[in-house]
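Encoded as structure tokens, the structure appears first; notes follow it.
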Protein chains: 2
Amino acid sequence: MTVESGRRERKKAATRQKIADTALRLFLERGYDTVGIRDVAAEADVAVTTLFSHFASKEALVFEQDTAFEQRLTEAVTGRAPHEPLLPALRHEIHALVRHCTADGNAPIWDMVVGSPALREYEESMRLRHAETLAAAIAADPDLGRTTTACRTIARFVVDAYALSRETPDPQAAVDEIFEMIEAAWSATSP
Amino acid sequence: MTVESGRRERKKAATRQKIADTALRLFLERGYDTVGIRDVAAEADVAVTTLFSHFASKEALVFEQDTAFEQRLTEAVTGRAPHEPLLPALRHEIHALVRHCTADGNAPIWDMVVGSPALREYEESMRLRHAETLAAAIAADPDLGRTTTACRTIARFVVDAYALSRETPDPQAAVDEIFEMIEAAWSATSP
DNA sequence: TCCAAAAAGCTAACCGTTAGTGTTACGTTC
DNA sequence: GAACGTAACACTAACGGTTAGCTTTTTGGA
């Protein structure tokens, strides 16, 4: 059975991190399209197959926080106080996520994503996955009592809010504007 | 200048159609992933480069109606009677599109799309393009007087309705349920 | 110390896609 | 109607992401 006593896991995590760091550095230095998988592997001093055993695709190298992002969304739903309403909690979380993405330090990464069709497409389908897990979290809350369709719809609207607001000149204001619409949509489904 | 008096255009269109037909037939017969681009080109008796001069990618072979779909959405907005409200027109159009996609004859194609991650991803980003053109059409209507963000948001919600409802057991009912939510969201933005 | 399994490596290929370079068929113009 | 420009198509060869198959190294536990 074994508890995987540490070293192995740590080494694996270190390899993964080294690959991700190297990739991001090279992408930012020379451009996403210019840098090949073989370049990243060579610079990180691993085999190409090793790289692909840690990351499912070239695009996945850029979106390392994927699962962290997903968790934050679901925890905003599952981790709220009893009887705390759903949408303000989600609005607060989306505000935080948008702030994080538009922070000065992350601007170059975001520019890179916008500049590459492959990365944009990848992020789009990432968001749909997130919407589905968010929908599951909402549907699991017994206090809400909405239909499956309503839950999935609201979840999509919420990730739409994230995507759309980031593209506006004033992202924080856009989050609020869109959430006014989402609140109305949610109210229209109250049982 | 030139009116491209016919034969050349007809031959080009015929080639394009032959490629599309061959591709769809092979995909349905043997499976999308199993059939390679070289197979399609050989069976349609054209060079691989010719195939790619007619279609931008392998996935595009499946979504031939792409632009037709886009036009129907925008025409639902621009072609409505004066003072006819926006959302009922859109709801009607989405109903028609969903009915078309879930028709018996098209079921195998839809199954193929659902079964292939590449095709799903392609369709997702197609929908985002459609949402953007729909948003532009909505924003261009002087009677509505909404913000850019509100227009883009509603456009996304509408294409979401299309995508979500197709996955439910009763698509037509789902369209109505989701549009109740969208109507509420839209009303919340009235100036 | 030795074993089983995980992790990493290497080679070679597959497949979608594109660049480079002709060649043919068509429409226009003189 | 002959010559010219160009759009459509073909052919070869490659590039880049990705995977399969197999070997080697590392690691944890017996």
Side-chain angles (χ1 to χ4, degrees), chain A residues 1-24 26-27 30-63 112 116-123 125, chain B residues 1-20 22-24 26-27 30-63 112-113 116-123 125:
Chain A
M1 289 285 76
T2 79
V3 193
E4 285 295 334
S5 57
R7 177 149 50 224
R8 191 173 264 179
E9 279 182 348
R10 265 184 291 117
K11 284 212 171 186
K12 184 172 183 178
T15 302
R16 181 193 158 90
Q17 198 60 42
K18 185 175 183 185
I19 295 172
D21 292 347
T22 305
L24 195 56
L26 290 186
F27 290 159
R30 305 186 213 156
Y32 180 77
D33 296 320
T34 317
V35 177
I37 284 289
R38 293 163 177 91
D39 298 331
V40 175
E43 183 89 5
D45 200 27
V46 296
V48 172
T49 45
T50 301
L51 187 154
F52 276 108
S53 77
H54 286 275
F55 299 91
S57 67
K58 185 185 183 185
E59 295 90 46
L61 287 166
V62 175
F63 295 99
M112 180 177 76
S116 158
L119 286 176
R120 275 216 306 274
E121 203 165 320
Y122 184 84
E123 209 213 341
S125 63
Chain B
M1 282 282 63
T2 77
V3 192
E4 286 294 335
S5 56
R7 179 145 53 223
R8 192 173 262 177
E9 279 182 347
R10 266 184 290 119
K11 285 209 173 185
K12 181 173 183 178
T15 303
R16 181 191 159 92
Q17 199 59 42
K18 184 174 183 183
I19 294 172
T22 305
L24 196 55
L26 290 186
F27 290 159
R30 305 187 213 156
Y32 180 77
D33 295 320
T34 316
V35 177
I37 284 288
R38 292 164 178 87
D39 299 330
V40 176
E43 183 89 6
D45 199 28
V46 296
V48 172
T49 45
T50 301
L51 187 155
F52 276 108
S53 78
H54 286 276
F55 298 92
S57 66
K58 185 184 184 186
E59 295 90 48
L61 287 167
V62 176
F63 295 98
M112 180 176 78
V113 172
S116 158
L119 286 175
R120 275 218 305 277
E121 202 166 321
Y122 184 84
E123 209 213 342
S125 65

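Side chains are part of it too, since the values below use all heavy atoms of this structure and drop only hydrogens, waters and symmetry mates. Everything quoted here is computed from the prediction, not taken from an experiment.
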Any residue in residues 39-49 of chain A with a heavy atom nearer than 4.0 angstrom to DNA chain D? Just list them by number, or reply none.
A:Val48, A:Thr49
Using whole Å, what does the distance between atom P of nucleotide C:dG9 and atom CZ of A:Phe52 come to?
14 Å
How close or far is atom P of D:dG28 from atom CD of A:Glu9, stated in whole angstroms?
10 Å
Between C:dA25 and B:Lys11, is there an OP1 or OP2 to side-chain N/O distance shorter than 4.0 Å?
no
Atom-pair distance (CD on A:Gln17; P on C:dA7), nearest Å
17 Å
What pair of heavy atoms forms the shortest contact from A:Lys58 to A:Phe52, and how long is it?
N-CE2, 4.4 Å
Taking every heavy atom of B:Val40 against every heavy atom of B:Ile19, the minimum-distance pair comes out as CG1-O, 4.3 Å
Closest non-hydrogen atom pair between A:Ser116 and A:Tyr32, with its separation:
OG-CD2, 3.6 Å
Once you round it to whole Å, what is the distance between C1' of C:dT17 and CD of B:Glu59?
11 Å
A:Ala56 vs A:Thr34, nearer the 5' end of DNA chain D by closest nucleotide
A:Thr34
Residue-phosphate contact under 4.0 Å: B:Thr15 side-chain N/O, D:dA8 OP1/OP2
no
Angle between the two end axes of the helix from C:dT1-D:dA30 to C:dC30-D:dG1, five base pairs per end, rounded to 10 degrees?
10°
Distance in angstrom units between A:Lys58 NZ and D:dT18 P, rounded
8 Å
Measure from CD1 on A:Ile19 to C1' on C:dA8 and round the result to the nearest Å.
10 Å
If you compare every side-chain N and O of A:His54 against the phosphate oxygens of C:dA8 (OP1, OP2), does one of them come in below 4.0 Å?
yes
Could you work out, with side chain to side chain donor-acceptor pair (under 3.5 Å) as the rule, every residue matching A:Asp21, not counting sequence neighbours?
A:Gln17
Decide yes or no for B:Arg7 and B:Lys11: does some side-chain heavy atom of the first lie under 4.5 Å from some side-chain heavy atom of the second?
yes
Taking the nucleotide of DNA chain C with the nearest heavy atom to each, does B:Asp33 or A:Lys12 sit closer to the 5' end?
A:Lys12
Who are the ring-ring contact (aromatic ring centres under 6.0 Å, His included) partners of B:Phe63, not counting sequence neighbours?
B:Tyr122
Euclidean distance, atom CZ of residue A:Arg38 to atom C1' of D:dA14 [Å, nearest integer]:
12 Å
side-chain contact (heavy atoms from CB on, under 4.5 Å) filter on A:Leu24, not counting sequence neighbours, yields A:Leu28, A:Ile109, A:Met112
To the nearest Å, how far apart are A:Ile37 CD1 and C:dC14 P?
21 Å
Least distance between heavy atoms, A:Ile37 atom then A:Val48 atom:
CG2-CG1, 3.9 Å
Pairing residues for B:Thr49 by the side-chain contact (heavy atoms from CB on, under 4.5 Å) criterion, not counting sequence neighbours
B:Ala47
